[in-house]
There are 2 protein chains.
Amino acid sequence: MVTKEKKMPSEDLAYAGILKLIYERKFSPGDFLQEEYLSHILGMSRTPINRALSKMNIEGLLERKKKKGCFIPVVTLRDGRKLFTLRAMIEGQVAWEAAQSCTSPLMDRLCEINRQDQKALKDRDDGRYYMANRDFHFLLAESANNRYLERVSKQLFHQASIYIFFYDSFYTSTKKSAIYTPEQHEVILQCIKDRNADAARVAMEEHIIHTMKMFGSVD
Amino acid sequence: MVTKEKKMPSEDLAYAGILKLIYERKFSPGDFLQEEYLSHILGMSRTPINRALSKMNIEGLLERKKKKGCFIPVVTLRDGRKLFTLRAMIEGQVAWEAAQSCTSPLMDRLCEINRQDQKALKDRDDGRYYMANRDFHFLLAESANNRYLERVSKQLFHQASIYIFFYDSFYTSTKKSAIYTPEQHEVILQCIKDRNADAARVAMEEHIIHTMKMFGSVD
DNA sequence: CCATGCATATATGCATACATAAAAGAATGG
DNA sequence: CCATTCTTTTATGTATGCATATATGCATGG
């Protein structure tokens, strides 16, 4: 056979599937995610669904009440500002450390991802744009060569997605917040390429705060 | 009946039980934690054990290999320094925010915990000392009134425990690193009481770095 | 004697049945 | 007519049996 499709574990499929449902806006803040329903939709038993939901809960993507189930978090703009302020701090540190330890092949991949980002934005393909943006922040987190910082950075990104998916779309346009993203990413990459760690930190902090202001300015 | 024991969910009992086994040093770095063995020891089925292990894995307390199981992480001093540097940053921020939002009743509880801390240290009761120390950092994390910062702070504390439990005992004495802890906690509390956020941050950063240096100075 | 392939053992991944707790609704008493 | 309590409903929590992937050891061939 030509295709070398490795059979993915059901738990991972469940995680990806539920995440997909969330960012296709099949649920709203406060909505209840029933295990049986999800297991029916995704074509598997409750076990991997439950484990995926647990993971999302611990990562902060979902609220969970004992013996009740999982819910899409109802978040306030005030909380959102706290999250993005923390993200600015953490991802600023990521950029700072990446500027010191990032290798050339990683830089190339980051540039490539940023090109895809730009292309998806041009094509107005929201799904691909989200993926490329996520890939950029995740690969940068990995480039910092610090397992603890990487984990925290990825988790905060996931949590921020809740705001991007819901809040942002209610008050402003996603496109508005995205339109300057690729060029800001470009600036960050240039600082890292120059091994200017302090500048990389500042550029990243500004990028995160800019993203926050897109939905944080409405209350 | 006098005691109002609410029946704890098995998953929580499993989590607490496994954590207890870890900090009673029943396992060493690299050791394999077999689900069936744990379910036998803790007197429950594999299901809650598996869920507790998943939680610990996501929190970074355990390594997990697909279709293999969970292991006590094998960590290096180099990684340890990265972790404690990050903790200094995060808990410094916790202290800073707590200094602005901490209420009087919380302050009283923090002082009370610190007294227990001191007492446990005097009695050379390692278990109670660990619990009191954990309670101090956790309650402070809650005092910051920032759900995201709280989550990150608690997770990093858990991960740091791995170093405290294993590394520290191999090279130095636990008592040595603990002996100045209550008075450092006292300084932090005083800064918070004075609403001096910047001083609270510095005091906390120094406290974390001090803890790190107890085992970070041997390589 | 070493390398490669296969068989077997073992522990996790998954599916399913049942137990249990929380919430909603009905019935009864004030 | 409202409040309280009991019943019923419903979805999660837990236990268990089977499927499956990984690793180990043995056998066989070069």
Side-chain angles (χ1 to χ4, degrees), chain A residues 1 3-22 26-74, chain B residues 1 3-22 26-74:
Chain A
M1 53 176 150
T3 50
K4 205 180 148 185
E5 295 279 334
K6 250 175 74 181
K7 207 173 110 190
M8 286 267 285
S10 296
E11 184 184 337
D12 295 352
L13 293 173
Y15 187 93
I18 296 166
L19 201 62
K20 192 157 178 285
L21 289 172
I22 291 176
K26 304 294 187 196
F27 304 107
S28 301
D31 275 7
F32 170 46
L33 279 71
Q34 192 185 353
E35 292 185 4
E36 204 175 354
Y37 169 76
L38 291 171
S39 73
H40 179 253
I41 292 285
L42 298 172
M44 59 185 70
S45 93
R46 273 179 51 214
T47 306
I49 298 288
N50 188 311
R51 290 176 66 162
L53 289 175
S54 292
K55 190 173 176 181
M56 289 179 165
N57 171 49
I58 296 161
E59 289 178 340
L61 258 86
L62 298 174
E63 299 285 333
R64 175 175 238 176
K65 289 177 188 169
K66 288 270 168 210
K67 203 74 186 177
K68 277 290 296 181
C70 289
F71 301 82
I72 306 287
V74 180
Chain B
M1 53 176 151
T3 50
K4 205 178 149 189
E5 296 279 333
K6 250 176 74 183
K7 207 173 112 188
M8 287 267 285
S10 295
E11 183 184 339
D12 296 352
L13 293 173
Y15 187 92
I18 296 165
L19 201 62
K20 192 158 178 285
L21 288 172
I22 292 175
K26 304 293 188 196
F27 305 109
S28 300
D31 275 7
F32 170 45
L33 280 70
Q34 191 186 350
E35 291 186 4
E36 204 174 355
Y37 168 75
L38 291 171
S39 73
H40 178 253
I41 292 286
L42 298 174
M44 60 185 71
S45 93
R46 273 180 50 218
T47 306
I49 297 289
N50 188 310
R51 291 175 65 162
L53 289 174
S54 294
K55 189 172 178 183
M56 287 180 166
N57 171 48
I58 297 160
E59 289 178 340
L61 259 83
L62 298 174
E63 298 287 333
R64 175 175 238 174
K65 290 176 186 169
K66 287 270 167 209
K67 203 73 184 173
K68 278 287 298 179
C70 289
F71 301 83
I72 304 288
V74 179

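Just so we're clear, the structure is a prediction, and the values are computed from it rather than from any experiment. So that the names make sense, note that chain A is the first sequence line, chain B the second, and so on, each numbered from 1.
- The salt bridge (charged side-chain N to carboxylate O under 4.0 Å, His left out) pairs that include a residue from residues 41-57 of chain B are Glu11(B)-Arg51(B), Glu35(B)-Arg46(B), where partners are two or more places apart or lie in different chains.
- At a threshold of 4.5 Å between non-hydrogen side-chain atoms, the residues Leu61(A) and Ile18(A) do not count as touching.
- Partners of Tyr37(A) under the ring-ring contact (aromatic ring centres under 6.0 Å, His included) rule, at least two apart in sequence or in another chain, do not exist in this structure.
- For Glu59(B), the salt bridge (Lys or Arg N to Asp or Glu O under 4.0 Å) test picks out no residue, with sequence neighbours left out.
- Residues from residues 9-18 of chain B lying near DNA chain D, meaning a heavy-atom separation below 4.0 Å, are Pro9(B), Ser10(B), Glu11(B) in numerical order.
- Of all the heavy atoms in Pro29(A) and Ile72(A), the pair that sits closest is CA-CG2, 3.6 Å.
- Atom-to-atom distance recorded for Leu33(A):CG and Lys26(A):NZ is 13.5 Å, nearest 0.5 angstrom.
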Which atom pairs, donor and acceptor, lie under 3.5 Å between side-chain atoms of residues 62-69 of chain A and protein residues at least two apart or in another chain?
{"from": "Glu63(A)", "atom 1": "OE2", "to": "Arg147(B)", "atom 2": "NH2", "distance (Å)": "2.4"}
{"from": "Arg64(A)", "atom 1": "NH1", "to": "Ser54(A)", "atom 2": "OG", "distance (Å)": "2.9"}
{"from": "Lys66(A)", "atom 1": "NZ", "to": "Asp12(B)", "atom 2": "OD1", "distance (Å)": "3.2"}

statement: Its contact letters, B for base, S for sugar-phosphate only and - for none at protein heavy atoms under 4.0 Å, make nucleotides 17-24 of chain D read B--BSSS-

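- A ring pair (Phe, Tyr, Trp, His ring centres under 6.0 Å) check over residues 52-71 of chain B, counting only residues at least two apart or in different chains, returns the pairs Phe32(B)-Phe71(B).
- Contact annotation: Thr47(B) does not reach the phosphate of dT14(D) (side-chain N/O to OP1 or OP2, under 4.0 Å).
- For Leu13(B), the side-chain contact (heavy atoms from CB on, under 4.5 Å) partners two or more places apart in sequence, or in a different chain, are Met8(B), Met44(B).
- At whole-Å resolution of the value, CE in Met8(B) and P in dT14(D) are 11 Å apart.
- Distances shorter than 4.0 Å separate some side-chain N or O of Arg64(A) from OP1 or OP2 on dG13(D).
- The stretch residues 30-39 of chain B has no heavy atom under 4.0 Å from DNA chain D, so no residue of it qualifies as close.
- Among residues two or more places apart in sequence or in another chain, the ring-ring contact (aromatic ring centres under 6.0 Å, His included) test is passed with Tyr15(B) by none.
- Across the protein-nucleic acid pair, Leu53(A) atom CG and dT12(D) atom C1' stand 11 Å apart, rounded to whole Å.
- Rounded to whole angstrom, the span from the NE2 atom of His40(B) across to the P atom of dA15(D) amounts to 14 Å.
- For Phe27(B), the ring-ring contact (aromatic ring centres under 6.0 Å, His included) test picks out no residue, with sequence neighbours left out.
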